[in-house]
Number of protein chains: 2
Amino acid sequence: MGISNFPMITSLRTTLKEHGLKDTQPRRFVLQALEKLKKPASPYDIQKWVDAKGGSINAVTVYRIIETFMRIGLVHRHPCDGHFSLCSMPHKKGHHGFLHCTSCGKTQEFHDEQLCKAEERVARTLKFRSSTHVSEILGTCAACAA
Amino acid sequence: MGISNFPMITSLRTTLKEHGLKDTQPRRFVLQALEKLKKPASPYDIQKWVDAKGGSINAVTVYRIIETFMRIGLVHRHPCDGHFSLCSMPHKKGHHGFLHCTSCGKTQEFHDEQLCKAEERVARTLKFRSSTHVSEILGTCAACAA
DNA sequence: ACTGTAAATGCAATATTATTGCTTTTACAA
DNA sequence: TTGTAAAAGCAATAATATTGCATTTACAGT
């Protein structure tokens, strides 16, 4: 098990190319915002972050980029904090794990092989061809418990 | 492993009482809608369902009831279909499992002990006091694959 | 049963978030 | 370079969610 790392901007170009997509500044902005914010963010959070950095990005564009990124597995949504919030990053096997503290709101990413395997077994048993799977654990983090 | 069942309206009264909440018609409506729809529903879906059954419920009330139900663990949100969509039902141990078909949009609920255990282990390892955990598997169901 | 009271609901207004159609700009292949 | 499809921007609108306050309702204690 290990805490996940965020992908470098440099590899974005490659990832996009693999899917026949263009490497544009707005896309780099969005990825960078998600990397730096280090926690689930709303489209608006992303736009704000870009603005704060002296850049500029249209809200509609943010929505569309998120949609694209979701499609190619670069980002995804969270069950815990409503509508269009995002988690941060892609995992090798399509498995995403999160711990979300309902007290301080922070989210920690994790990866666990055994859990991943269990999910794949469930899918198999129910004749389901899985592409990605998500685990989200809600509760109280160590800091907040103290 | 087994597919989950939905709780009876009759037990709602008890659950509510345990949390010091009142047993009202709108609350029964919402629960019944989620039971009968048998898949994640938006607040609007719920209102429509109630209307269709000849009942009536205010949209704001639906939002507030959802909020309350989430708080006491009766329902929760989905990572796969946007904003305020809901899954349906409570699980004994706070573990919720879902298979969501990205082709037909249907969601199937499941419960798996091993997976549940794995999630609890992860939480323990990371000094996290978990209350609920969710697994969502995205992919293609048997029917759509054929 | 009756009644007082806190909780829940409804209503109206508003805020927030997301989508759509169309035009302009941009990445990138030839 | 330059042509072209894809992406981004813009403006308008739609859908979704929230808030404050008035009214109604569940239910505990008579």
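Letters A, B, ... mirror the listed sequences (proteins, then strands); counts begin at 1.
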Spacing of [X] atom [atom1] relative to [N] atom [atom2], expressed in whole Å:
| X | N | atom1 | atom2 | answer |
| --- | --- | --- | --- | --- |
| B:Ile65 | C:dG10 | CD1 | C1' | 12 Å |
| A:Arg71 | D:dA6 | CZ | C1' | 12 Å |
| A:Ile57 | C:dT25 | CD1 | P | 18 Å |
| A:Phe29 | D:dA7 | CZ | C1' | 15 Å |
| A:Lys48 | C:dT16 | NZ | P | 12 Å |
| B:Glu67 | C:dT9 | CD | C1' | 14 Å |
| A:Tyr44 | C:dT17 | OH | C1' | 12 Å |
| A:Glu18 | C:dC28 | CD | P | 14 Å |

I'd like to check the side chain to side chain donor-acceptor pair (under 3.5 Å) partners of [X]; sequence neighbours left out, ordered by chain and number.
| X | value |
| --- | --- |
| A:Asn58 | none |
| B:Asp51 | none |
| B:Gln114 | A:Arg121 |
| A:Lys117 | A:Glu113 |

Subject >> Base versus backbone protein contacts along nucleotides 19-30 of chain D [heavy-atom cut-off under 4.0 Å; B, S, -] >> reply: BB-----BS---
Subject >> salt_bridge(B:Arg28, B:Asp23) N-O dist < 4.0 Å >> reply: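 B:Asp23 and B:Arg28: salt-bridged.
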Original post:
Any side-chain N or O of A:Asn58 less than 4.0 Å from the OP1 or OP2 oxygen of D:dC10?
Top reply: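 For A:Asn58, the contact criterion (side-chain N or O under 4.0 Å from OP1 or OP2 of D:dC10) is met.
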Original post:
In chain order, what residues pass the side chain to side chain contact (heavy atoms under 4.5 Å, CB included) check against B:Lys22, with sequence neighbours excluded?
Top reply: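 For B:Lys22 the side chain to side chain contact (heavy atoms under 4.5 Å, CB included) partners, ignoring immediate neighbours, are B:Thr24, B:Arg27.
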Original post:
Of the nucleotides D:dA8, C:dT9, C:dG10, which has the atom closest to the B:Arg27 side chain?
Top reply: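 From the listed options, C:dT9 comes nearest.
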Original post:
Between C:dT9, D:dG9, D:dA17, which one does the side chain of B:Pro43 approach most closely?
Top reply: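 Nearest to the side-chain atoms of B:Pro43, counting from C-beta on, is D:dA17.
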Subject >> Beyond-backbone contact of A:Glu119 with A:Ser135, side-chain heavy atoms, under 4.5 angstrom >> reply: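 With C-beta onward as the side chain, the pair touches.
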**OP:** Describe, as an angle rounded to 10 degrees, how the axis at the first end of the helix from C:dA1-D:dT30 to C:dA30-D:dT1 is tilted relative to the axis at the last end, five pairs per end.
**Re:**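 Here the local axes at opposite ends form an angle of 50°.
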Subject >> Pairing residues for A:Lys48 by the salt bridge (charged side-chain N to carboxylate O under 4.0 Å, His left out) criterion, not counting sequence neighbours >> reply: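 A:Asp45.
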Original post:
So, the side chain of A:Gln47 versus the backbone of A:Ile57: is there a donor-acceptor pair under 3.5 Å, distance only?
Top reply: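 Yes; judged by distance alone, with no hydrogens or angles, the pair exists.
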